[in-house]
Amino acid sequence: MVTYRNIAEDPAYKDVLPEDFVHGYSSASYQIEGGATAGGRGPSIWDEHLQEANQDTGDDACDSYRLWEQDVSLLQQYRASGYRFSVSWPRIVPNGGRNDSINEEGIKYYNQLIDALLDAGIEPTITILHFDVPLELHKRYRSFLATDPRELIADYTSFAKLCFERFGDRVKKWLTFNEPWIFPSLLSMGIVKGFSKRDFFRVGHNILLCHSDIVRLYRSEFQQKQNGLISIALNSEWVEPINDDPRAVKDAKLAIERDFGWFADPIFLGTQTTAWDKYGDDFPRLTQEELALLRGSADFFSLNHYGTGWATGQEVQPNGDPRFNMDEIDKTFVKDGKPIGMRGEEGHPHTVPWGFRKILLYTWDKYCKDKNIPIVISECGFAVEFEQHMSLDKIIDDKARQEYLNQYIKILCDVVREDGVRVSGFYVWSLLDNLEWLSGYGPRFGVTHVDRKNGFKRTPKDSSKLLAAIWRHVVKKN
Ligand code: BGC
């Protein structure tokens, strides 16, 4: 049942966002490209892991390695003004290392995509690494788990340099990494055997050091002449105390400080979170020198947000899924027998627009306001519950996704005009029904249905039309 008012039809929302507001879609290389062995690509950690786990692999994904022109046409049809995609490190440097050979065919693939986007008037944003680390680097020195990260930093920065050199004349927005909080959580789910809490901390810490080195390089050698911006995509859900019990209040705060503050504090404030102090030296501390380099190492705040939960204030109950309790905070989506919002597939996410408002205000007040740094929503989206089992008609008529997106964009408009929050872009996750890291083609976030049995046929869902109408209405002169 539709319970909301479509903001595209609400005069109160006409032209509330500035003309240069970028609205578009996000994707990640491994989740859409396929072509796992095509054009000289080397294996990434996922190729091996997903084979072993005997689930769906990214061998074909959405076949965007072959069908990328159709993706660009869809973006045009959806009137997107931006597209955020990631480059596959093993497609460009199959073995990953700074002395390993470069695969020109891989570079050509991204060059064609970038040129087609620009021809279509769509601004590209590149995520330099969205989880698909070259397998060879994992074999050489355990990639992001390395205790001594010097090799990793040198290899990753060298890959980033290649991207700036080859794409930076046309690409003006860069993200060094996608979600340093989620990546170690995914690794803990079986991709690395015997993954410990120390490993978890090590991975996050190493990502911070790599990010800092890549930004140093970009700023010293490329930023001025290429006139671009750089940041890192950080994700956070919102966590609200379930009641006013001090333990619930404390835990809700701690959850955000652990998953968000671990990364946002050093990057935007130059400080280090105390939220992991109970782990003593197992939680690697940044040195004063490292903190000084990290401070201010982002030109905009790239925020990925999906949903909201209640902190119960109770002890964490192991649920067999370490992804959901990496912050060691007990959460629930049900209060007094009522769900927190409309449930998405596997509970990820729920529709809780007030939680989106809270994370936006928190991010703005804590990290951005003083320096007037804009926020870009680099991912936000909804997986309709049981969509994968529905008929094509029902899949296309994706009312639940429409409701979610309409409500979240309404909140975005509200914080811009009522609270003076600076938000300069919104990218829906995602353009296509893609592979999900741990559940294959289970939850579907795409605004485009991909029929894998019929030549990866792409069919727009109704949310894509709603989005086009919303942006036309809320963005000035669009
Ligand atoms: C990741 C995406 C993923 C999405 C939906 C985000 O955490 O960046 O790669 O597909 O969540 O699960």
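Values reported hereafter were calculated over all heavy atoms of this structure, with side chains retained and with hydrogens, waters and symmetry mates removed.
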Partner of Ser86 by side chain to side chain donor-acceptor pair (under 3.5 Å), out of Ser27, Ser29, Ser26: Ser29
Ionic contact status for Glu403 with Lys399, cut-off 4.0 Å: no
Leu175 side, atom CG; Thr127 side, atom OG1 - distance, nearest 0.5 Å: 4.5 Å
Heavy-atom side-chain proximity of Gln77 to Ser464 below 4.5 angstrom: no
Partner set under ring pair (Phe, Tyr, Trp, His ring centres under 6.0 Å) for Tyr78, not counting sequence neighbours: Tyr25
The single option from Tyr427, Tyr306, Trp429 passing side chain to side chain donor-acceptor pair (under 3.5 Å) against Glu379: Tyr306
Which residues share a ring pair (Phe, Tyr, Trp, His ring centres under 6.0 Å) with Phe131, sequence neighbours left out: Phe183, Trp437
With Trp89 via side chain to side chain donor-acceptor pair (under 3.5 Å) - residues at least two apart: none
Flag if over 12 foreign heavy atoms under 6.0 Å of NZ, Lys108: no
Contact check, side chains of Ile256 and Ser236, non-hydrogen atoms, under 4.5 Å: yes
Over 12 non-hydrogen atoms of neighbours within 6.0 angstrom of NZ in Lys172: yes
Positive for side chain to side chain donor-acceptor pair (under 3.5 Å) with Glu387, one of Arg444, Lys394, His449, Lys461: Lys461
Sole candidate of Tyr408, Tyr404, Phe445 that passes ring pair (Phe, Tyr, Trp, His ring centres under 6.0 Å) when paired with Phe382: Tyr404
Result of checking Asn6, Asp10, Leu467, Thr351 against Asn406 for side chain to side chain contact (heavy atoms under 4.5 Å, CB included): Asn6
Working for side chain to side chain donor-acceptor pair (under 3.5 Å), residues Trp68 and Gln70: CA-CA 5 Å; Trp68 60 272; Gln70 291 187 19; over 6 Å; no
